[in-house]
Amino acid sequence: MDSEQLAGPVRLAVIEDHPVTVDGIRLWLSQDPGRRVELVASGPTIESVLAGPGADADVFLLDLELNGVMVVDRVADLCADGRRVIVFSGHRDPDTVLAVLDAGAAAFIAKHESADHCVETIVAVATDRPYVTPTMAHALIADARPQRPQLSEREHRALLLWFQSMSKASVARRMGISEATVRQYIDRARVKYAKIGRPAPSKAALLARAIEDGLIRPDEVRTYRSFAADPAEPPADSPS
Amino acid sequence: MASVTDDPAIIVARRYARGATVAAVVVAAGWHLGHDLPVTLTAWDAYRLPWLAAAAWLGHLLVGVAAAIALLRSERPLRGVWAYGAAALAVVVAMLAACPPDRVIGPANWGWGAVGWLAVILFWHRRHHLRELCLFLAADAAIVLAGMLAAGATDRVSLARYLMVLVGSLTLQIGGSVGGHALDTAARWAADASARRAETEAARRSSELVHEDRLRRYEAVRQAAADLLAEIAAGADPADERLRRDCAVGAARLRRLMAETDDEPGPLLRVLRAHVVDAERRRVLVTMEPPVGTVPDLPSGVAEALAEAPARALRAARSEARVTVYATPGEVIVSVVADAEDEEQDAGREDREAVPAARRDANGTNGDGDASWPGGGVVVTKEREGRSLWIQSSWPAR
């Protein structure tokens, strides 16, 4: 899925042990006017999905708790072969969200926000583009780890308002900038997270696409500095 | 929790410690006034240099007063304490010089016996007080021995007197100092033990509160789930819109209760949660996100001011609301997004006086944000988008 535009519907595999949730996801997909996503496989375990037609799906939607067991430690393995993994879970505390992003998950959707963000997240992730759900914004602004990337003040503010408000349009009005610029700030913050933690193909793809799209400059990929090392503000971002 | 220093046991212990220092000063003063002064006066005519004896008595008094003030007024010894020690030894030399050779070791030479008491109070608060006291007394004894040799008072009777006075005063002075410090140490042990007991007691009280709070939360979780489950078990129809709504509200409540991991939430979260519970009772589906960061100690009234506008939004919510709290040590932002009625209409139904005009959004019906400044440095901004109302109150104003 390297083309700029989607050639056909995104092929989605769902790893979820509750059939009722899979039905719910199917409903959301059917409600998308463009029918941009097609469910090709679903199963209650990672193995069952990888063994069937879901093996070469474009995007995997993974429930973090399968049959009562948390599978946080499986995310890295799943991502290692270049699979695009979106985690969705009720366990949405910032530590868990940051752990799965660190392991290479492309996005995190909390179960209670799935209806609003599910299809959009899947479509964005299928083209290696960032998508930040309010739960992810929550985790990014709550991140107090020393290795956290340095966000500009505007990136931080956009994330905070996105976490607290109802829409990017309202964030744009509050910040007095365009909605596209709000999206840019939020996406830049997300892409900065692809630069930290263990390397993963999904992170490399996200960074490559961000450079291609002009979201960040190639030299910014290397110039990661921690807050502890340099508390100074980065140069102001230029709104588009 | 009461301050540790208010503990009666510690106050008593401190009084014991002070009592020991007061006793040392009283002994030194009593000896100088009750013994040295009468001896100086009665032996006045016998002194070789009576005015030198008087000056020595006065010098002794001055060193004693300085040492006593330092001891009783502060926890630290005099600066340059050995200069005062040297002055005390000068008193010994002066008294040796003032006495005729045959009285060098007699009662008229009170100096070398008395200065030991000065040394006791001079060195009291020194870290190595006993070592320094012994050093001083050794110097004192050496000076007197030298004086005796110079005066030729080396007969057996003089030496016997010397040893007798030496042993007697050493015993009393060293014994007094050691005893006083032992009392001080014992008092400190008692104070430490008492402080530890107070800490243990405070920890016990705190864990009791935590436990009670957990019981309360557990009870709330149980209530949220049990009634609904009982209803479903009794055959309620899952297609019933009311039941489904109740389940959704119950699930949101369970999520919120499970996310409440802080055992002492602080006034802001307590007030907000109370309003969330009220909204849940009205069957509003409330999502309360765990707070980002730790809410700092807020100046009086700020927590209430911060919660006021979000509380109004929760009261106005028709079916859904989302509450978020963001806090850094210098900033707190509370936000509510709700499908709420317009505040203007709402104010007609709610208590109008609780919504002063200055705080109301003059332009609440369109999308433009508007800020207003109520008391306590809290800023409230408001945004409307379709049916959604977004209220954000932040402190401090910026």
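By convention in this document, chain letters (A, B, ...) are assigned in the order of the sequence lines, proteins followed by strands, and residues within each chain are numbered from 1. Please read all numbers here as calculations on a predicted model, not as lab measurements.
A donor-acceptor pair shorter than 3.5 Å cannot be found between the side chains of Arg322(B) and Gln164(A).
Geometric assessment of Arg174(A) against the ring of Trp390(B) yields a positive cation-pi assignment under the 6.0 Å and 45° thresholds.
Between His138(A) and Pro290(B), some side-chain heavy-atom pair lies under the 4.5 Å cut-off. Put simply, the side chain of Thr287(B) does not reach to within 4.5 Å of the side chain of Glu113(A), judged on heavy atoms.
In the displayed structure, Arg283(B) atom CZ is contacted under 6.0 Å by more than 12 heavy atoms of other residues, nucleotides or ligands. The environment of CG in Asp297(B) is sparse: at most 12 heavy-atom neighbours from other residues, nucleotides or ligands sit within 6.0 Å.
The line from NE2 of His112(A) to CG of Leu285(B) is 10.0 Å long, rounded to the nearest 0.5 Å. Here the straight-line distance linking atom OG1 of Thr324(B) with atom CG of Leu161(A) works out to 10.0 Å at 0.5 Å rounding.
If you measure heavy-atom distances from Thr328(B) to chain A, you find no contacts under 4.5 Å at all. The contact between Ala169(A) and chain B is made by backbone and side chain atoms together, counting heavy-atom distances below 4.5 Å.
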Exercise. Could you give me the CA-CA distance, side-chain angles and deciding distance for Ser170(A) and Glu383(B), then say whether side chain to side chain donor-acceptor pair (under 3.5 Å) is met?
Key: CA-CA 7 Å; Ser170(A) 60; Glu383(B) 189 93 34; 5.9 Å; no
Quiz prompt | Derivation and outcome, side-chain contact (heavy atoms from CB on, under 4.5 Å), residues Leu389(B) and Met166(A) | solution = CA-CA 9 Å; Leu389(B) 176 70; Met166(A) 61 283 217; over 6 Å; no
